[in-house]
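Here the structure is a predicted model, which is why all the values come from computation and not from measurement. Just so we're on the same page: letters track the sequence lines, and every chain starts at 1.
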2 protein chains.
Amino acid sequence: MPARKPAYKRRSGCPLNASVEMLGDRWSLLIIRDMMLLGYRTFKEFLNSHERIASNILADRLLRLENYGIIASARDPSDGRKQIYSLTPKGLGLAPVLTEMVLWAAAYEDTGNQALVRLIHKDKDGFLAQVRKRFANRSSPGK
Amino acid sequence: MPARKPAYKRRSGCPLNASVEMLGDRWSLLIIRDMMLLGYRTFKEFLNSHERIASNILADRLLRLENYGIIASARDPSDGRKQIYSLTPKGLGLAPVLTEMVLWAAAYEDTGNQALVRLIHKDKDGFLAQVRKRFANRSSPGK
DNA sequence: CAGGATCCGTTTCGATACTG
DNA sequence: CAGTATCGAAACGGATCCTG
């Protein structure tokens, strides 16, 4: 599966257009969430985690996100087989978007993960700073 | 095309899961943007506008969003042919999400619509309040 | 004419099996 | 471990048709 270019044409310059092109599918945001909130970094972690993404789709999405500059990949120096994925600054910049989505879902729908929601509610800026700091120190997954 | 239920199963209770299920496609967020920022309300406006969505897809998305409680529809009292779509409080609650997405795209990508971006940057809370107010007064599109 | 439904070819998805 | 290959199923998109 080659790195997709959408078949449909989209007028650019309109707000949100670019965002939706990069993130408007069922998996991209979830992958980013796993990196940002759960500290996942390897193909296997994404694969075994959460919503059971198929391996071909995962490979496609990782490549796509990398092409968009949202994530970066590098070979694990200590284990040549492993590939380590990480968020770029641009990817990290999505933290406020994810945060607002979590709050929205919590307000109207989702009952899960109340701890996180309360944490964000109590101190949104602090939470965002914490996310950034984890990635500034590079790769301490944080559970 | 019946109102879709996703074929894949998704574990619930995980943050963002619900959001992505409702909004994780190429059109839903754009439709909401058009309602929220451009004041669009009718089938035809959505159809002729922006990125040239196909009418069957549009009908499906409108139904989906209505089923999720994000938008509501009612017949135009002054013109029986027309259907008027509007944001519910839940849909309006997406304003912060959209706002952050616009800011993110502006910071890393999109060059279009600088005016809006500057407005949001200057006074994010004021902008959100303004959006809410427009819909509290119901239906003054606001260009 | 507005809102949508139907038809149909094309693209993408997703599960599983398989490879370097 | 990190992906490819394959293939049936689903979703997409364009065009057209239907209905009030």
Side-chain angles (χ1 to χ4, degrees), chain A residues 1-11 20-31 34-35 40-67 71-86 141, chain B residues 1-11 17 20-31 34-35 40-67 71-86:
Chain A
M1 193 180 285
R4 277 185 319 162
K5 277 249 156 60
Y8 56 93
K9 38 269 163 209
R10 177 150 291 171
R11 282 214 315 267
V20 169
E21 184 169 326
M22 291 185 269
L23 308 171
D25 73 272
R26 298 194 179 77
W27 298 110
S28 298
L29 272 176
L30 296 178
I31 292 171
D34 285 351
M35 299 183 83
Y40 288 178
R41 291 171 302 162
T42 66
F43 194 92
K44 190 190 182 190
E45 284 176 314
F46 297 120
L47 199 61
N48 292 341
S49 147
H50 60 70
E51 290 79 14
R52 307 262 142 223
I53 186 172
S55 67
N56 53 346
I57 305 292
L58 175 58
D60 179 67
R61 290 307 182 281
L62 288 171
L63 190 53
R64 240 170 98 74
L65 289 172
E66 192 171 353
N67 287 340
I71 68 176
S73 68
R75 210 151 274 284
D76 184 342
S78 71
D79 180 350
R81 293 174 313 177
K82 266 186 185 155
Q83 195 76 3
I84 300 289
Y85 295 94
S86 60
Chain B
M1 195 181 285
R4 276 184 321 162
K5 277 246 157 57
Y8 54 93
K9 39 269 165 210
R10 175 148 297 171
R11 284 212 316 266
N17 224 321
V20 170
E21 184 168 326
M22 290 184 270
L23 308 172
D25 73 271
R26 295 193 181 79
W27 298 110
S28 298
L29 272 177
L30 296 179
I31 292 171
D34 285 350
M35 300 183 82
Y40 287 0
R41 292 171 303 162
T42 66
F43 194 90
K44 192 189 181 190
E45 284 176 316
F46 297 121
L47 199 61
N48 292 341
S49 146
H50 61 67
E51 290 77 14
R52 307 261 141 222
I53 185 171
S55 70
N56 53 346
I57 306 291
L58 175 58
D60 179 67
R61 289 309 182 281
L62 288 171
L63 189 54
R64 238 170 99 75
L65 289 172
E66 190 171 356
N67 287 339
I71 69 176
S73 69
R75 210 153 274 283
D76 185 342
S78 71
D79 180 350
R81 294 173 311 178
K82 269 186 183 155
Q83 195 77 3
I84 300 289
Y85 296 94
S86 61

Legend entry - Under-3.5 Å donor-acceptor pair between B:Asn56 side chain and D:dG14 base: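 Side chain to base: pair found, below 3.5 Å.
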Inset, instruction - Can you tell me the distance, in whole Å, between the CG atom of B:Leu58 and the P atom of D:dA15? - result: 16 Å
Between [X] and [N], is there a contact of a side-chain N or O with OP1 or OP2 at under 4.0 Å?
X: B:Trp27; N: D:dC12; answer: no
X: B:Lys82; N: C:dA2; answer: no
X: B:Arg61; N: D:dC12; answer: yes

Inset, instruction - State which residues pass salt bridge (charged side-chain N to carboxylate O under 4.0 Å, His left out) with B:Arg81; sequence neighbours excluded, sorted by chain then number. - result: B:Asp79
Inset, instruction - Not counting sequence neighbours, which residues clear salt bridge (charged side-chain N to carboxylate O under 4.0 Å, His left out) with A:Asp76? List them please. - result: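 Per chain and number, A:Asp76 pairs via salt bridge (charged side-chain N to carboxylate O under 4.0 Å, His left out) with no residue.
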Legend entry - Set of residues satisfying side-chain contact (heavy atoms from CB on, under 4.5 Å) with respect to B:Ser73, sequence neighbours excluded: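 Scan of B:Ser73 (side-chain contact (heavy atoms from CB on, under 4.5 Å), adjacent residues dropped) gives B:Glu66, B:Gln83, B:Tyr85.
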Inset, instruction - For A:Ser55, check side-chain contact (heavy atoms from CB on, under 4.5 Å) against everything at least two apart and list the hits. - result: A:Phe43, A:Leu47
Inset, instruction - Could you tell me, to 10°, how much the axis swings from one end of the helix from C:dC1-D:dG20 to C:dG20-D:dC1 to the other, five pairs per end? - result: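 Rounded value for the end-axis angle: 30°.
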Nearest of [options] to any side-chain atom of [X]?
X: B:Ala54; options: C:dA2, D:dG13, C:dA5; result: D:dG13
X: A:Ala59; options: C:dA5, D:dT4, D:dA2; result: D:dT4
X: B:Ser55; options: C:dA2, C:dA5, C:dG4; result: C:dA5

Legend entry - Considering all heavy atoms, the nearest B:Leu58-B:Ile31 contact: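 For B:Leu58 versus B:Ile31, the nearest heavy atoms are CD1-CD1, 3.8 Å.
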Inset, instruction - To the nearest 0.5 angstrom, please state how far the CD1 atom of A:Ile71 sits from the CD1 atom of A:Ile84. - result: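 One finds 12.0 Å between CD1 of A:Ile71 and CD1 of A:Ile84.
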